[in-house]
Amino acid sequence: MSDEKSDPLVSEDNNEAGSKARRQTKELLWRFPIEFLSATLVGALILRGFTAVSENTPKIIGFLGIWWLTLLGTFFILLIGIALFFFRKYRQREYGWLEITFALAVGWSGVMKVQATNDIASWTTVVAAAYLVVRGLSNYDEGRIKSKYTESN
């Protein structure tokens, strides 16, 4: 019987695995703050967008009466949906962060509306924001697992 410690191949594999684990840990320690700050910045921009839309709602509603603008807006929504689909498909972890950030912006808007009007539609928005947080966490976790799987192969 040979002792594993005396076998240079076994100890070399252990050192390589430990080195890889340390590199991955160091990478995660850098990745998390960057992703968090990026998501916070995107959330602030989304919140600013919601504010701009709410401030200009009468002007926007006036434009919606123009049929070609409605068609153009619908096509724009389709393009955004397709882009988000591919973003989720290839960068699911980052998509999860984006979804959580969007949920927080929707929740912020919903809570402010609940405070002002206290109607059922506002409460529905708050509950929907909570659901979006769950979906975002799920996408983040699935993307994290997929990236670990692809890094190990």
Side-chain angles (χ1 to χ4, degrees), residues 13 15-153:
D13 287 343
N15 285 339
E16 188 176 312
S19 172
K20 185 177 180 181
R22 282 190 295 278
R23 273 194 317 271
Q24 288 175 342
T25 302
K26 187 181 271 188
E27 183 181 318
L28 284 174
L29 288 175
W30 280 101
R31 185 184 295 170
F32 181 77
I34 291 169
E35 288 178 353
F36 180 76
L37 290 174
S38 299
T40 304
L41 177 64
V42 169
L45 292 173
I46 290 171
L47 189 58
R48 178 61 189 132
F50 278 147
T51 305
V53 167
S54 67
E55 289 172 353
N56 295 307
T57 300
K59 293 176 188 174
I60 294 170
I61 290 173
F63 281 123
L64 290 179
I66 304 171
W67 70 270
W68 59 267
L69 191 59
T70 304
L71 183 64
L72 186 66
T74 304
F75 183 70
F76 184 68
I77 290 169
L78 176 66
L79 291 178
I80 289 174
I82 291 170
L84 287 172
F85 168 78
F86 284 109
F87 183 59
R88 180 181 179 271
K89 183 175 182 177
Y90 295 109
R91 305 292 293 196
Q92 190 170 8
R93 185 179 61 220
E94 290 80 6
Y95 179 83
W97 274 113
L98 181 67
E99 196 168 21
I100 292 167
T101 305
F102 181 76
L104 294 176
V106 169
W108 177 281
S109 174
V111 168
M112 292 191 53
K113 193 168 183 184
V114 163
Q115 291 174 348
T117 61
N118 199 18
D119 62 341
I120 192 70
S122 303
W123 282 104
T124 304
T125 304
V126 172
V127 173
Y131 174 76
L132 286 173
V133 169
V134 172
R135 288 298 310 143
L137 290 171
S138 176
N139 277 316
Y140 176 80
D141 191 47
E142 289 173 18
R144 185 181 54 82
I145 291 169
K146 283 181 186 176
S147 67
K148 276 186 181 179
Y149 177 74
T150 55
E151 287 174 5
S152 67
N153 286 337

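Please read all numbers here as calculations on a predicted model, not as lab measurements. Position 1 is the first residue of the sequence, and the numbers go up from there.
Side-chain contact check for Asn139 and Trp97: no donor-acceptor pair (N or O, by modelled atom type) lies under 3.5 Å.
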For Leu84 and Ile80, what are the C-alpha separation, side-chain angles and deciding distance, and is it a side-chain contact (heavy atoms from CB on, under 4.5 Å)?
CA-CA 6 Å; Leu84 287 172; Ile80 289 174; 3.9 Å; yes
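The OG1 atom of Thr125 lies 10.0 Å from the CD1 atom of Ile120; values are rounded to the nearest 0.5 Å. Interatomic distance, Leu79 CG to Thr74 OG1, rounded to the nearest 0.5 Å: 11.0 Å. Once rounded to the nearest 0.5 Å, the distance linking CZ of Phe86 with NZ of Lys89 reads 6.0 Å. Atoms OH and NZ, on Tyr90 and Lys146 in that order, are 11.0 Å from each other to the nearest 0.5 Å. Distance CD/Glu99 to CZ/Phe87: 11.0 Å, rounded to 0.5 Å.
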Output a table of donor-acceptor pairs, distance under 3.5 Å, between side-chain atoms of residues 103-117 and any protein atom two or more places apart or on a different chain; print 'none' if there are none.
residue: Thr117; atom: OG1; partner: Lys113; partner atom: O; Å: 2.8
residue: Thr117; atom: OG1; partner: Asp119; partner atom: OD1; Å: 3.0
residue: Thr117; atom: OG1; partner: Ser122; partner atom: OG; Å: 3.3

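Taking each heavy atom of Ile100 and Val133 in turn, the nearest pair found is CG1-O, 4.1 Å. Scanning both residues, Gly143 and Gln92, for their nearest heavy atoms gives CA-CB, 3.9 Å. The minimum heavy-atom distance linking Glu94 with Arg91 is given by the pair OE2-NH2, 3.0 Å.
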